[in-house]
Colleague: 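Shown below is the structure under consideration.
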Amino acid sequence: MSAGTPPAKDQIAITIITGFAGSGKTTLILNLMPQLRQENPGYKIALIKNEIGDLNIDTQLAAAAEMTGTQELLGDCICCTNVGQIESALETLDKECNPDRIIIETSGSAEPLKLVLEVNRISKATGRYALDGVVSVIDAENWGGYANTSYTAKLQAKQTDLIVINKWESLDERAFDLFLDKLGDLDVDTPQTKSDKGWISKELLFGFDPKMARAWIEDDKGGSHDHSHNHKSEVECISVTLSSSKEDAGVDLQKLDQLLKSAPKDEVYRIKTILYSNTPPQSNNDADATRSKNGRGRYILNWSFGRWSWSTDQISNGTAPVLRMSIFTAQYESNKWMKRIESGAFVALSEPGSSESNLEVKRVQ
């Protein structure tokens, strides 16, 4: 994940969605749009879509008219001859649409690692983009055939942050067990979650960016996101709030850093946090966030599958909690992590004896 000194203009988050042809990538994207618009109607997403051949973008996706802008890379695989076109496609969307996030949907034959390396190169060169995560969508009904015949299908499952198991509902228990056995043959520790007929929570697929963070605060719900929906989710969510009677209180970054370094990515998927600190926090590539001009500053943390980055938010509110955090865990893992957070080992004030503090930890999903 790209992380460094952010420019005055917020970086654009990039999410890569890959998967074999017909796995349901487009459906997954379509089901994300209403979730984003419900929380933040002004949130803008653009799409780079790669197709082998000269077919236009999916008519279903185009008709949905939910994207701020689209760029098509047709003719060849995005990780081969089209890899050099990614930078120009990103620049075009940035200038014409000014999106908050760009989704890159690859063709069925793309190798994620090549694309990740190119996006990271562009991010470092321009300082304009930040790779948020790579998601691989797997068709459970047909995975056996793909895995047996396609080397690329195996790479897509390995070179990713999260595997979304799609189209599993029609499988009986035995068939699903066989699918899991074949998937297990890859011998990787990549986190896995099942979709609900092509629906997956945006909280799991998308990390925190400044615009999402501001909507979160303005909605006055803090760590308690609205998780009411009609879909099943295998993800559990912990809400953490740390408050203080002292207006200039800050978070103990050393303790928090231990959480960021120790959380296993097969138990903890994402950590999204807004906090106040008197010193700038550090990303896992040793890059500091921009120091606040006033000393005490508000910072936004996006922790995704073991990698994290910080950005500085110039907005400050003296009455706001010192920390608001949402931790998204795998199924059956939230109770264990609630106890660890409640112990104070990871979340505390930098000067705990100087003011009265209150740590509230609860499960909200």
Side-chain angles (χ1 to χ4, degrees), residues 1-4 6 10-18 28-29 31-33 35-36 39-40 43-47 90 99-105 112 115-116 119-120 123 127-137 160-164 190-191 193 200-217 219 222-223 225 227 233 235-240 256 259-261 263-275 281-285 287 289 298-313 323-330 365:
M1 185 174 298
S2 175
D10 290 337
Q11 290 180 311
I12 300 174
I14 295 178
T15 301
I16 298 172
I17 298 181
T18 186
L28 200 73
I29 294 171
N31 287 332
L32 288 167
M33 302 307 297
Q35 299 181 60
L36 287 164
E39 182 177 285
N40 190 340
Y43 195 83
K44 296 187 292 184
I45 285 191
L47 175 73
L90 290 171
D100 300 300
R101 180 177 298 267
I102 296 174
I103 295 175
I104 300 178
E105 180 186 349
L115 183 55
V116 167
V119 170
N120 281 335
S123 300
R128 186 71 183 102
Y129 312 99
L131 179 61
D132 182 39
V134 184
V135 178
S136 180
V137 183
T160 188
D161 295 316
L162 177 70
I163 293 174
V164 175
T190 306
T193 188
I200 200 81
S201 171
K202 69 173 178 59
E203 303 289 0
L204 181 57
L205 259 65
F206 292 157
F208 228 16
D209 57 56
K211 192 163 186 177
M212 283 185 177
R214 288 166 195 151
W216 190 34
I217 291 296
D219 199 31
H225 291 282
H227 295 286
S233 176
V235 179
E236 298 175 353
C237 180
I238 303 168
S239 169
V240 183
L256 180 60
L259 170 64
L260 305 184
K261 291 178 178 178
K265 64 181 182 180
D266 59 340
E267 295 181 11
V268 179
Y269 293 159
R270 288 192 181 272
I271 302 174
K272 305 180 182 184
T273 305
I274 299 174
L275 61 78
Q282 195 173 68
S283 301
N284 62 329
N285 65 349
R298 187 162 86 169
Y299 300 95
I300 300 167
L301 166 68
N302 180 36
W303 188 100
S304 173
F305 305 101
R307 302 169 313 215
W308 65 93
S309 62
W310 292 91
S311 57
T312 305
D313 193 351
L323 173 144
R324 284 175 170 171
M325 173 187 288
S326 284
I327 303 174
F328 298 88
T329 73
Q365 175 176 306

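When a residue number appears, it is its place in the shown sequence, counting from 1.
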Colleague: Given 3.5 Å as the limit, does a donor-acceptor pair link the side chain of Gln11 with the main chain of Ala130, or not?
Modeller: no
Colleague: Report the relative orientation of the aromatic rings in Tyr269 and Phe305; use parallel for angles under 30°, tilted for 30 to 60°, perpendicular for over 60°.
Modeller: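 It falls in the tilted class, 30° to 60°.
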Colleague: State the CZ-CG distance between Arg101 and Leu47, to the nearest 0.5 angstrom.
Modeller: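 One finds 13.0 Å between CZ of Arg101 and CG of Leu47.
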Colleague: Minimum heavy-atom separation for Phe328 to Val235, with atom names?
Modeller: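 Shortest heavy-atom separation between Phe328 and Val235 comes out as CB-CG1, 3.9 Å.
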Colleague: I'd like to know if the side chain of Ser304 and the backbone of Asp132 have a donor-acceptor N/O pair within less than 3.5 Å.
Modeller: yes
Colleague: Within the structure provided, determine whether Ile104 and Val119 are in side-chain contact (heavy-atom separation under 4.5 Å).
Modeller: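 Sidechains of Val119 and Ile104: in contact.
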Colleague: Does Lys272 reach the main-chain N or O of Glu203 with its side chain, forming a donor-acceptor pair under 3.5 Å?
Modeller: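 Yes, the answer is positive, given that a donor and an acceptor are paired below the 3.5 Å cut-off.
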Colleague: When rounded to the nearest 0.5 angstrom, what distance separates CG in Leu256 from CG in Leu260?
Modeller: 4.5 Å
Colleague: Ala46 and Pro99: which non-hydrogen atoms are nearest, and at how many Å?
Modeller: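 In this case the closest contact between Ala46 and Pro99 is CB-CB, 3.9 Å.
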Colleague: For residues Asn120 and Val116, determine if any side-chain heavy atom of one lies less than 4.5 Å from a side-chain heavy atom of the other.
Modeller: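 Yes, side chains in contact.
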Colleague: Closest approach of Asp266 and Ala330, non-hydrogen atoms and distance?
Modeller: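 Taking Asp266 first and Ala330 second, the nearest heavy atoms are O-CB, 3.7 Å.
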Colleague: What distance do Leu205 atom CG and Leu32 atom CG have between them, rounded to the nearest 0.5 Å?
Modeller: 5.5 Å
Colleague: Looking at Trp308 and Leu301, would you say the former's side chain and the latter's main chain have a donor-acceptor pair under 3.5 Å?
Modeller: no
Colleague: Between CD of Gln35 and CD1 of Ile200, what distance do you get to the nearest 0.5 Å?
Modeller: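 With rounding to 0.5 Å, CD (Gln35) is 9.0 Å from CD1 (Ile200).
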Colleague: Are the side chains of Leu259 and Trp303 in contact, using a 4.5 Å heavy-atom criterion?
Modeller: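 Side chain of Trp303 against side chain of Leu259, heavy atoms only: no contact under 4.5 Å found.
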Colleague: A side-chain contact here means heavy atoms from C-beta on lying under 4.5 Å apart; do Thr273 and Leu323 qualify?
Modeller: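 They are in side-chain contact.
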Colleague: Nearest 0.5 Å, what's the CD1-CG distance between Ile16 and Leu115?
Modeller: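 Answer rounded to 0.5 Å: 4.0 Å.
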Colleague: What's the spacing between Ile103 CD1 and Leu28 CG if we round to 0.5 Å?
Modeller: 8.5 Å
Colleague: So, for Ile45 and Phe206, which heavy atoms are closest and what is the spacing to 0.1 Å?
Modeller: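 Taking every non-hydrogen atom into account, CD1-CE1, 4.0 Å.
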Colleague: Can you check whether Thr160's main-chain N or O pairs, donor with acceptor, with Ser136's side chain at less than 3.5 Å?
Modeller: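 No, because the side chain of Ser136 does not come within donor-acceptor range (under 3.5 Å) of the backbone of Thr160.
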Colleague: Run the salt-bridge test on Asp161 and Arg270 with the 4.0 Å N-O cut-off and return the result as yes or no.
Modeller: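 Looking at Arg270 together with Asp161, the answer is no, because their closest N to O distance does not fall below 4.0 Å.
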